[in-house]
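What follows is one structure encoded as structure tokens, with my remarks underneath.
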Amino acid sequence: MHMENENIKKIMHVLRHAPHGTIYTYEGLEMILIMAAYEQDLSVVFIGDGVYALKKNQDTAGIGIKGFARTFMALDGYDVEKLYVDKLSLEERGLTEDDLVVDVEVLDAEVIGGLMKEQDVIIHH
Amino acid sequence: MHMENENIKKIMHVLRHAPHGTIYTYEGLEMILIMAAYEQDLSVVFIGDGVYALKKNQDTAGIGIKGFARTFMALDGYDVEKLYVDKLSLEERGLTEDDLVVDVEVLDAEVIGGLMKEQDVIIHH
Amino acid sequence: MKIGILLKEGPYNHQASDTAFKFAEAAIKKGHTVDAVFLYNDGVTNVTKLMDPPQDDRNIATRWSELSQKHGFEVLACIAASKRRGINDDVLVQGSAITGLGTLTDIAIRNDRLVTFGD
Amino acid sequence: MKIGILLKEGPYNHQASDTAFKFAEAAIKKGHTVDAVFLYNDGVTNVTKLMDPPQDDRNIATRWSELSQKHGFEVLACIAASKRRGINDDVLVQGSAITGLGTLTDIAIRNDRLVTFGD
Amino acid sequence: MLHTINKSPFENITFETCIRFLLPGDPVLFIEDGVYAVQAGNRFSAIIANVLITNPVFALQPDLVARGLTVVTEGVQSVDYEGFVGLVEEHQVNSWL
Amino acid sequence: MLHTINKSPFENITFETCIRFLLPGDPVLFIEDGVYAVQAGNRFSAIIANVLITNPVFALQPDLVARGLTVVTEGVQSVDYEGFVGLVEEHQVNSWL
């Protein structure tokens, strides 16, 4: 058990782009779903326009692109439970936790900075 | 002569990206050089980080990418003489006309806005 | 009205191609002529037939191919930009072609509008 | 030290591929092992042999091909990202391959560092 | 002249750059990620309100809906793709990529 | 943790976002268009000077030279690609794309 833990890596995915205008958040989510199967210590952080990916009531039918906000709701089933949102990013966009499709932990930048420091791998999308 | 003038279009190219980090300014310049052969009424405007494309003393050998600042000096030979630079963009970057590889006309945003309004075609790079 | 379209980003990675396509459809629906779609920068990768997206997603190359053939316009990729990015005649979808920037100049001159989409 | 590289933008359009390449060269020169270069998003277009830039410019696909073969690592393109963008086995340069995101996970786990380059 | 903006004002300077060059009367159309600028009650709402004094402001409805933006700054008009074409019929286009 | 920034601070918010998450002591490396941030005497010089109080700041020399930036804000250190690798030897990497 101890040895197994030593092989577990802390991997953080940082989503910073708005959805739909670019593919980064969508393909980021695809990456997170695959990595979730590998039983590493995954976390996902939403910073800047990345918080918009979690916004409720997105309907992409009119732009002809597949929506994926609901896929974030599936992360829990993959044991990806560490979802962090940058407080200032949320506030600056006039959003609250109630506007988001999933439960997240809203944290100050300093706290997120501390979590970043603990990671073995950080991937920005 | 009058009929010919009626067929001449006013085409403005707007360069807004820094050189080297992306290809937009370089491929923009390639487009301008081709269009110059078509005897239209061409102008080139440098706004925002686009002004950096004109900066003197660029040496791209170390990053392994072809430099092209000097190519702007060739525009005159192609009868592309309308080179405009946004005054605020230059000032914000701590640059003056002396820092640039070619002679340009430094204009206020309002004046450039007026020139834009006269165009038949505007292409941002 | 005769409209030319300039598309400066590749498929999927940016919404530009989607917006340009919806715009072209709407223009045609309103009775306008889409004269040509010119591809520049990474935009040239919009017309590779090697594209093979998931079945439940749009196929951007096929979609441009069908719209252009149905309405008699071409989707034209800049040759210099294409060569840099591995696009050549062998991989083009029907309705598309590779050409020079002179063609874009002609498009800019002969159309009432040139509308640009990109990043 | 064992280093993995993640490259998220295509060639020429962004400097990312150039910086990643110079970084990989420098790491090797300093005695480190480049374990693999993984291509994601538009990054998958770095390894198409159809690329044909001007003769006085660098050939980015060839350059990755040569470096990877000389130093025994692979340049791996994500299959889902590749399919969207028209990259398949037929167009790959030597030294590259198409694989899944599980491989990236392995790369992230087994290396001392994963360094990302992109837009 | 129709000005289009497709970048989020939170991440990119394009929005602020474009409005420096606007002439009174010229319409502005927000598309793609640009539509976040017109979300009601955000920190760009005052700037949008100011632009609206002299210029008509539009946002592409399908892009608003795709992003779950249901309430836009007062005075901003929604258009669909045909409305976008309608604006292009009336004006030359200046796409601030 | 090594933070890298590759976007121009004049056009993109990445620079400002990154420094909000910096912990004291962690090095910051500017690369590609990011190096415009450290040009001496521009409007980001004061912010860079402030970061330098708590964090070492580096810029990739080949990117500076490519852009004709000869004078950088005092205290900013230049590194070549091997210096970049050296920083990666000492730190995990946080690339703010």
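A, B, ... follow the sequence lines: proteins, then strands. Residue 1 opens every chain. All of these numbers come straight from a predicted model, not from anything done at the bench.
- Closest heavy-atom contact between I34(A) and G102(D): CG2-N, 3.6 Å.
- Of the inter-residue distances, the one linking L104(D) atom CG with M31(A) atom CE reads 5.0 Å to the nearest 0.5 angstrom.
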Any donor-acceptor pairs between chain A and chain D, under 3.5 Å? If so, list them.
residue	atom	partner	partner atom	Å
E9(D)	OE2	Y24(A)	OH	2.4
Y40(D)	OH	E27(A)	O	2.5
N41(D)	ND2	E27(A)	OE1	2.6
R84(D)	NH1	E27(A)	OE2	2.7
R84(D)	NH1	E30(A)	OE1	3.4
R84(D)	NH2	E30(A)	OE2	3.0
R85(D)	NH1	E27(A)	OE2	3.0
R85(D)	NH2	E27(A)	OE1	3.1
R85(D)	NH2	E27(A)	OE2	3.4
I109(D)	O	K9(A)	NZ	3.2
N111(D)	O	K9(A)	NZ	3.0

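- Heavy atoms of I109(D) lying under 4.5 Å from chain A belong to its backbone as well as its side chain.
- In this structure, chain D has a heavy atom under 4.5 Å from the backbone of I122(A), while its side chain stays farther away.
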